[in-house]
Amino acid sequence: MKQHIADLISAALKTLSDNGIFAADVQPSIMVENTRDKSHGDFASNIALALAKPARRNPRELAQLIIDALPVSENLDKTEIAGPGFINFFVTQETTTAVVGQIIAQKAEFGRGLASSTERTQVEFVSANPTGPLHVGHGRGAAYGASVADLLEAAGVPVEREYYVNDAGRQMNILATSLWLRYLEKLGETVTFPSNGYKGAYIHDIASSVIVEHSDTYKRPLDEVMYNIPADEPQGGNKETHIDALIERAQELLTADGYAVFFNAALNSILSDIRDDLSDFGVEYQKWFSELSLTANGDVESALNTLQENGHLFEEEGNLWFRSTAFGDDKDRVVRRANGLTTYFASDIAYLKNKFERGFDKVLYIWGADHHGYIARMKAACQALGYDPERLLVRLVQFAILYRGEERVQMSTRSGSFVTLRELRDEVGKDACRFFYVTRKADQHMDFDLELAKTQSKDNPIYYIQYAHARVCSVHRKLAENDWVWDPESGLANLGKLDTEHEKDLITRLSKYPEVLTHAAVNYEPHLLANYLRELANNFHSHYNANKMLIDDAELRNARITLSEATRQILNNGLTLLGVSSPEQM
RNA sequence: GUCUCAGUAGCUCAGCUGGAUAGAGCAGCCCCCUCCUAAGGGGCAGGUCGCAGGUUCGAAUCCUGCCUGGGACACCA
């Protein structure tokens, strides 16, 4: 409808321009907006205000000229000039209520595909280190990323969801070594566990399963294990050198094959746990991408070669550097250290190159806010590789700070005293969890009070929305009890009877769904949809309280039930995009 | 110090590419079930949109400066 009005204005302007009212080279962008106040009609345009200056005319006078030149449209009742020169458009009742019929006909498809594109977009999100279960901090990235991907898809953008598995690097070695030490412990050795090791309970479970599979094949005497290992921090040493020495010792005593047993047991177990966890959270990926595969395939070398060929690398003090300052980064970055090992950043460059080589037109990274400093260097790498930096998009998600009542909950994967995403889901429920995470803008701090979320009271907006859905279903059940049958055709034919303020407001709200969906998608802002659903539920509850649906007048009854059904459909469409269920009964 | 995000009602936050009288939810006060789920609805009260300039017909929104708060600034992964 907005577009229709814009077209009408455009035609009017053409006429005026042809008649020499203003110069032909004046090319105003036509804006049609939703009105905030119903007395201003359904849509408004500021075109006369914007044109007043170039046309050197009084805005109200200009507005009248535009209105006179507007082509006739059967969708409009009238147009008015208001205030300083706004043109207000009043849409006919038939045109407004037509949306109800469209929703009933298109069902889950309604409102989709308005930003249809052939540009493939990859959304990479969560990508937590596979060193332990996901905690609540990851939950927000998961909920946000999944909703953004689903929204994009709904808007018509081809999307692929990917999880980058950080299975290379020191953290994984610390994990494998921690596992081996727990394994020794379970076989009777008295191990002083390293202060820098992974202490979570899940390590014990994995250790037990290694014993089931391999019994004591990898048991080594403790004095051999600890021989000449530098002291840990509590004993006055350094925790980093202590754990590094233990890693080396593990690799040496177990040899490559034995070490791989622990490495893979830890990785596979934790990864499959993360996979299940996300799946239960309604989050599915098309691809799980291994960081190790980048080195194995030579992608890292190839990426560095590309940078070398493009002249962006230099050597200093034995290290190989990427001159990212040439692209606006605040300092240059090491990609290969003097010891020959490539840095984590080198893998990231290779990964980026890999993504583009797989044919994605846009790659969207969803990171925790602590990765903020990473954006400049990735943009730099993108340009240095020869790709348009506009194709690399980053959205930062602020951490959710957990509270139990007044008390802030501390989180740390290493110490093992964290609240996992799974625990949170168990306490709060998946629906509330998914919804709560996306009701705030992603880059906004969020306080997540467990006590409050657990109360499942009216404080939680998700119940309010789901309740609206359940209410419609309840009406259908009651309808059957009264031996009435909903006749959609009669309902659609009698939509004109829906003329109370509440009904008109509800229909208007329904008509906004497509643009809300599209806007939320292209701006990566699912909270807009969450807010919309709350408003829609509000419109429905008001209408429900004011107007009874199960009435003897069959025509009005069918019309009202048709409207309820359209509302239910939109609630369901929207909730589905946010990963929330639509209960039929509560 | 540099970068970045923010500062809107007592609290938590919306406010789309600048538009007409700045909106919700909690919390507070009042009213509504012989009636489809009161897990609901209606009403009252509550604001110098951090401060000061600037651009504009028009600013919570854009620009500049300042104040306050969060976060990020490793030859770590």
Side-chain angles (χ1 to χ4, degrees), chain A residues 29 31 33-37 39-40 44-46 48-50 52-53 58-59 82-86 88 129 131 166 168-174 240 291 316-321 330-339 341 343-345 347 368-376 396 398-399 401 439-447 449 452 456-461 463-464 466-468 470-479 481-482 502 515-516 518-520 523 525 527-528 530-532 534-535 537-538 540-551 557 560-561 564 585-586:
Chain A
S29 64
M31 287 199 278
E33 289 160 346
N34 299 322
T35 53
R36 204 175 294 175
D37 188 327
S39 68
H40 298 145
S45 179
N46 61 351
L49 291 164
K53 203 167 213 180
N58 171 305
F86 290 103
N88 292 337
N129 283 335
T131 50
N166 295 110
R170 183 160 168 264
Q171 295 305 320
M172 283 306 297
N173 287 323
I174 295 177
E240 306 294 347
E291 182 188 356
E316 197 176 282
E317 293 171 29
N319 295 306
L320 189 62
W321 296 71
D330 52 359
K331 59 177 80 167
D332 294 325
R333 310 287 172 177
V334 171
V335 288
R336 183 168 22 229
R337 284 177 285 170
N339 63 11
L341 295 175
T343 61
Y344 194 84
F345 181 44
S347 295
D370 57 336
H371 279 65
H372 162 254
Y374 235 75
I375 299 175
L396 295 179
Q398 287 286 347
F399 292 128
I401 302 164
T439 42
R440 300 270 178 274
K441 259 194 307 211
D443 58 4
Q444 195 88 38
H445 287 277
M446 191 174 86
D447 294 346
D449 185 343
L452 186 69
Q456 305 204 348
S457 70
K458 59 187 185 304
D459 294 358
N460 198 334
Y463 293 101
Y464 183 82
Q466 290 181 319
Y467 181 44
R471 267 188 155 170
V472 177
C473 297
S474 173
V475 168
H476 276 280
R477 286 191 295 269
K478 290 285 174 188
L479 187 74
E481 283 174 27
N482 284 333
H502 289 305
E515 74 178 75
V516 170
T518 309
H519 196 253
N523 292 300
E525 294 191 327
H527 76 280
L528 296 176
N531 290 344
Y532 168 84
R534 202 191 186 286
E535 286 161 354
N538 185 12
F540 179 75
H541 286 309
S542 297
H543 159 58
Y544 179 93
N545 263 269
N547 305 309
K548 200 160 157 44
M549 292 178 214
L550 301 180
I551 48 177
R557 185 179 70 231
R560 284 191 173 155
I561 290 175
S564 301
Q585 210 164 343
M586 291 179 78

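Proteins get letters first, then strands, A, B, ... in listed order; numbering begins at 1 in each. Source: prediction; values computed, not measured.
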Distance, rounded to the nearest Å, where [X] contributes [atom1] and [N] contributes [atom2]:
X	N	atom1	atom2	value
A:Arg557	B:rC36	CZ	P	16 Å
A:Tyr464	B:rA39	OH	P	13 Å
A:Leu396	B:rC73	CG	C1'	14 Å
A:Asn547	B:rG42	CG	P	12 Å
A:Trp321	B:rC75	CH2	C1'	6 Å
A:Asn531	B:rA24	CG	P	13 Å
A:Glu33	B:rA20	CD	C1'	11 Å
A:Ile375	B:rC3	CD1	P	15 Å

Pairing partner of [N] (Watson-Crick or G-U wobble, both distances under 3.5 Å):
N	result
B:rG23	B:rC13
B:rA72	B:rU2
B:rG28	B:rC44
B:rA38	none
B:rC49	none

What integer number of Å spans the [atom1] atoms of [N] and [M]?
N	M	atom1	answer
B:rU34	B:rA14	C1'	41 Å
B:rC51	B:rU8	P	10 Å
B:rU61	B:rA6	C1'	15 Å
B:rG46	B:rA9	P	14 Å
B:rA22	B:rA60	P	9 Å
B:rG10	B:rG50	P	13 Å
B:rU21	B:rA59	P	11 Å
B:rU2	B:rA24	C1'	38 Å

With syn defined as a glycosidic angle within 90 degrees of 0 and anti as anything else, the base of B:rC33 is syn

Would you indicate what [X] reaches in the nucleic acid, counting non-hydrogen atoms under 4.0 angstrom: base, sugar-phosphate, or nothing?
X	answer
A:Ser542	sugar-phosphate
A:Ala338	nothing
A:Ala376	nothing
A:Leu479	nothing
A:Asn166	nothing
A:Gln585	base

Answer yes or no: does a side-chain N or O of [X] lie under 4.0 Å from OP1 or OP2 of [N]?
X	N	answer
A:His541	B:rA39	no
A:Arg471	B:rA38	yes
A:Thr439	B:rC13	no
A:Arg337	B:rC76	yes
A:Tyr374	B:rG71	no

- Query: Rounded to the nearest 0.5 Å, what separation is found between the OG1 atom of A:Thr439 and the CZ atom of A:Arg534?
  - Reply: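 Rounded to the nearest 0.5 Å, the OG1-CZ separation comes out at 11.0 Å.
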
Just to verify, what does [X] make a side chain to side chain donor-acceptor pair (under 3.5 Å) with, not counting sequence neighbours?
X	result
A:Asn538	A:Tyr464
A:Glu33	none
A:Arg557	none
A:His476	A:Glu565

Return the polar atom pairs (N/O with N/O) between nucleotides 54-61 of chain B and the protein under 3.5 Å, or none.
| residue | atom | partner | partner atom | Å |
| --- | --- | --- | --- | --- |
| B:rC57 | OP1 | A:Lys53 | NZ | 2.7 |

>> Going by the rule side chain to side chain contact (heavy atoms under 4.5 Å, CB included), which residues pair with A:Ala468 if we only count those two or more places apart in sequence or in a different chain?
In response: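 Counting only residues at least two positions away or on another chain, A:Ala468 forms a side chain to side chain contact (heavy atoms under 4.5 Å, CB included) with A:Ala537, A:Phe540, A:His541, A:Leu571.
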
Taking side chain to side chain contact (heavy atoms under 4.5 Å, CB included) as the test, write out the residues that go with A:Asp330, two or more places apart.
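Scan of A:Asp330 (side chain to side chain contact (heavy atoms under 4.5 Å, CB included), adjacent residues dropped) gives A:Arg333.
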
| request: Check the pair A:Arg337 / A:Glu317 against salt bridge (charged side-chain N to carboxylate O under 4.0 Å, His left out), numbers first and verdict last. | output: CA-CA 9 Å; A:Arg337 284 177 285 170; A:Glu317 293 171 29; over 6 Å; no

Note to self: Which heavy atom of A:Leu479 sits nearest to which heavy atom of A:Leu550, and what is that distance?
What the structure shows: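 It is CD1-CD2, 3.6 Å.
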
Correct closest heavy-atom pair for A:Ala44 and A:Asn88 would be CB-OD1, 3.4 Å

Can A:Tyr544 be called stacked on B:rG41 when the rule is centres closer than 5.5 Å and an angle between planes below 30°? no

* Asked: Going by ring centres under 5.5 Å and near-parallel planes (under 30°), is A:His40 stacked on B:rA20?
  ->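 A:His40 ring centre within cut-off of B:rA20 base, planes near parallel; stacks.
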
Testing B:rG40, B:rC16, B:rG70 for proximity to the side chain of A:Gln398, the answer is B:rG70

| message | Just so I know, are the side chains of A:Asp332 and A:Glu316 near enough to count as touching, which here means a heavy-atom distance under 4.5 Å? | response |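 Of all side-chain heavy-atom pairs linking A:Glu316 with A:Asp332, none is under 4.5 Å.
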
- Audit row: A:Gln171, A:Thr131, side chain to side chain donor-acceptor pair (under 3.5 Å) steps and yes/no: CA-CA 7 Å; A:Gln171 295 305 320; A:Thr131 50; over 6 Å; no

Could you run down the sub-3.5 Å N/O contacts of the protein with nucleotides 6-12 of chain B?
| residue | atom | partner | partner atom | Å |
| --- | --- | --- | --- | --- |
| B:rU12 | O2' | A:Arg440 | NH2 | 2.9 |

Residue list, salt bridge (charged side-chain N to carboxylate O under 4.0 Å, His left out) with A:Arg336, at least two apart or on another chain:
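Partners of A:Arg336 under the salt bridge (charged side-chain N to carboxylate O under 4.0 Å, His left out) test: A:Glu301.
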
Is any N or O donor-acceptor pair between the side chain of [X] and the base of [N] shorter than 3.5 Å?
X	N	answer
A:Asn319	B:rC75	yes
A:Glu317	B:rC75	yes
A:Asn88	B:rA20	yes

